[in-house]
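First up is the structure itself, then whatever we jot down about it.
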Amino acid sequence: MYSLAFSILFVSFIILTLLVRFWLAARQLRHVLAHRHAVPAEFAEKIPLAAHQKAADYTVARTKYGLLTLMVNTLVLLGFTLLGGLQWLSLQIFQLTGPGMVYQLALLAAFALISGLIDLPFDYYKQFGLEQRFGFNKMGKGLFFKDMAISTAIGAALGLPLAWVILTLMAQAGDLWWVYAWLVWTGFQLLMMALAPNLILPLFNKFTPLADEALKSRIEALIKRVGFASRGLFVMDGSKRSAHGNAYFSGFGATKRIVFFDTLLARLQPQEIEAVLAHELGHFKLKHIVKRMAMLFVLSLGFMAVLGYLKQQPWFYDGLGVNPLLLPGQANDAMALLLFLLVLPVFTFLFAPLASLGSRKHEFEADAFAARHTDARDLVSALVKMYEDNASTLTPDPLHSAFYDSHPPASVRIRQLKLAAA
Ligand SMILES: [Zn+2]
């Protein structure tokens with residue numbers, strides 16, 4: 001009885017998510033196309049009509065592609081759950097391995113492999129169809145497959161031991177296993193943040209110390225002015241994959257570093273680079289990064305507690321198309337984990353606007369920080385260039401933007417900065 005109710009709830013949330021997503025996408029398409037004929041007045045002097053129309057077309061193409069992948073992902077989700085995909089997969093593996101840890105790890109690995117294979121043509125089309133068409137793809141096919149091979153190897157090398165630890169805790173650590181599992185998960189994430197800049201990211205990109213002396217001393221002066229300690233300024237060869245540009249921080253503590261994409265450095269003036277960096281430093285000095293991490297850790301503790309409860313409920317398996325008595329006397333822990341990770345996004349989707357709202361608040365604060373420590377006009381001109389280069393639309397639908405966007409719309413952001421500069 002409970003399982004039927006849970007199936008109905010699950011399907012209702014899927015339908016609700018689809019309706020909201022399609023409705024928002026339709027609004028976005030209508031809004032962007034309605035403003036395609038003219039550059040908004042406040043950008044008219046800086047952005048040519050052709051660039052504005054490219055941004056509109058790129059936004060339309062991405063939105064449509066998003067709807068296609070949404071449909072496919074929903075079908076895959078239903079295929080794994082209610083249509084019996086996971087149940088079938090589990091039985092096949094069980095016949096090969098028998099019960100035990102090997103069965104559980106093999107189930108997780110097989111699931112990851114199958115999902116990866118389903119995603120592959122879509123990732124490929126995104127890079128060599130969509131991005132290529134708008135001139136953003138800089139990657140050859142060899143690099144695409146090399147990246148995939150490295151990611152898969154890293155995923156297996158890190159994911160399997162982590163899964164082994166968590167599954168062992170689930171089976172042997174008693175009722176409060178989820179607290180220990182959460183500690184392991186949190187520790188793992190912190191460790192990755194510390195190690196990734198030196199151990200993992202160099203497998204994908206080359207990082208060279210910033211060589212431009214004039215720019216370097218300008219940036220070092222800024223870093224000193226705002227009181228930030230960094231282990232170096234690096235340039236990353238982002239141009240070998242994409243024409244999109246960015247700047248970011250990585251690592252923390254002793255591995256903290258600032259990284260610029262070479263594509264960004266090539267395009268911005270030194271004072272604009274300084275302003276962009278001041279914005280990023282704002283995120284750091286205003287503790288946005290620490291707050292976001294703390295929030296994620298608290299949330300994941302909550303999710304672990306929910307999983308701790310669900311794992312004991314037969315209706316949770318049954319309601320998602322898996323027989324809870326699949327392996328009599330055997331733990332269904334790997335299955336519980338899989339089902340939970342699969343269905344969690346369905347139930348949390350409607351909270352996305354809250355996360356977007358929090359993120360946009362931080363963006364405004366970081367902009368204000370940059371305006372205090374550099375010239376706000378430099379950040380404005382840098383933003384205009386970045387919007388143009390990335391073909392980001394200047395005219396998003398306000399509701400679509402409020403729901404999804406981590407950054408405020410360009411016009412709102414620039415209006416605030418101009419106020420700060422005045
Ligand atoms: Zn930001």
Side-chain angles (χ1 to χ4, degrees), residues 43 55 193 196-197 201 210 218-219 222-223 225-230 233-236 238 242-252 256-265 267-296 352-394 396 398 400-421:
F43 299 99
M193 284 177 65
L201 299 181
L210 180 63
R218 182 186 267 276
I219 291 173
L222 170 72
I223 288 175
R225 209 154 69 231
V226 303
F228 177 80
S230 154
L233 303 166
F234 292 86
V235 181
M236 188 187 105
S242 162
H244 291 296
N246 213 340
Y248 69 90
F249 280 106
S250 70
F252 65 109
K256 201 162 62 191
R257 47 164 69 180
I258 295 165
V259 178
F260 295 102
F261 282 43
D262 54 355
T263 36
L264 189 79
L265 291 188
R267 182 68 166 117
L268 300 185
Q269 297 296 317
Q271 67 273 22
E272 293 169 337
I273 294 169
E274 185 182 343
V276 169
L277 180 60
H279 170 99
E280 294 301 325
L281 287 169
H283 282 309
F284 192 86
K285 293 299 282 188
L286 300 168
K287 309 239 180 304
H288 293 164
I289 297 164
V290 176
K291 281 181 198 163
R292 196 158 45 211
M293 270 167 46
M295 177 83 107
L296 284 177
L354 280 180
S356 306
L357 188 70
S359 169
R360 289 196 300 271
K361 179 171 168 283
H362 284 172
E363 292 306 323
F364 280 126
E365 289 173 10
D367 278 350
F369 181 92
R372 282 200 298 281
H373 293 278
T374 57
D375 192 331
R377 284 166 301 188
D378 291 329
L379 187 52
V380 170
S381 64
L383 283 175
V384 170
K385 281 186 189 172
M386 287 159 82
Y387 271 91
E388 183 180 343
D389 289 1
N390 287 323
S392 310
T393 179
L394 299 169
H400 184 278
S401 173
F403 203 98
Y404 291 115
D405 288 355
S406 61
H407 288 63
S411 56
V412 183
R413 237 180 126 178
I414 286 172
R415 208 174 305 140
Q416 293 285 331
L417 281 167
K418 281 185 172 158
L419 284 176

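Everything quoted here is computed from the prediction, not taken from an experiment. Just follow the structure's listing: the first ligand is 1, and inside any ligand the first atom is 1.
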Of all residues at least two apart in sequence or in a different chain, which pass the side chain to side chain contact (heavy atoms under 4.5 Å, CB included) check with Lys287?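 Here the qualifying residues are Lys291.
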How is the N/O/S atom of [X] that comes nearest to the Zn ion (ligand 1) named?
X	value
His283	NE2
Glu363	OE1
His279	NE2

Compile the donor-acceptor pairs under 3.5 Å between side chains in residues 411-420 and protein atoms, sequence neighbours left out, one pair per line.
unit_1 : atom_1 : unit_2 : atom_2 : d
Arg413 : NE     : Asp367 : OD2    : 2.8
Arg413 : NH2    : Asp367 : OD1    : 3.1

Over 60° means perpendicular and under 30° means parallel, so classify the ring planes of Phe228 and Phe284, tilted if in between.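 Correct class here is perpendicular.
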Classify the ring geometry of His400 against Tyr404: parallel below 30°, tilted from 30° to 60°, perpendicular beyond 60°.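 The rings of His400 and Tyr404 sit tilted, inter-plane angle from 30° to 60°.
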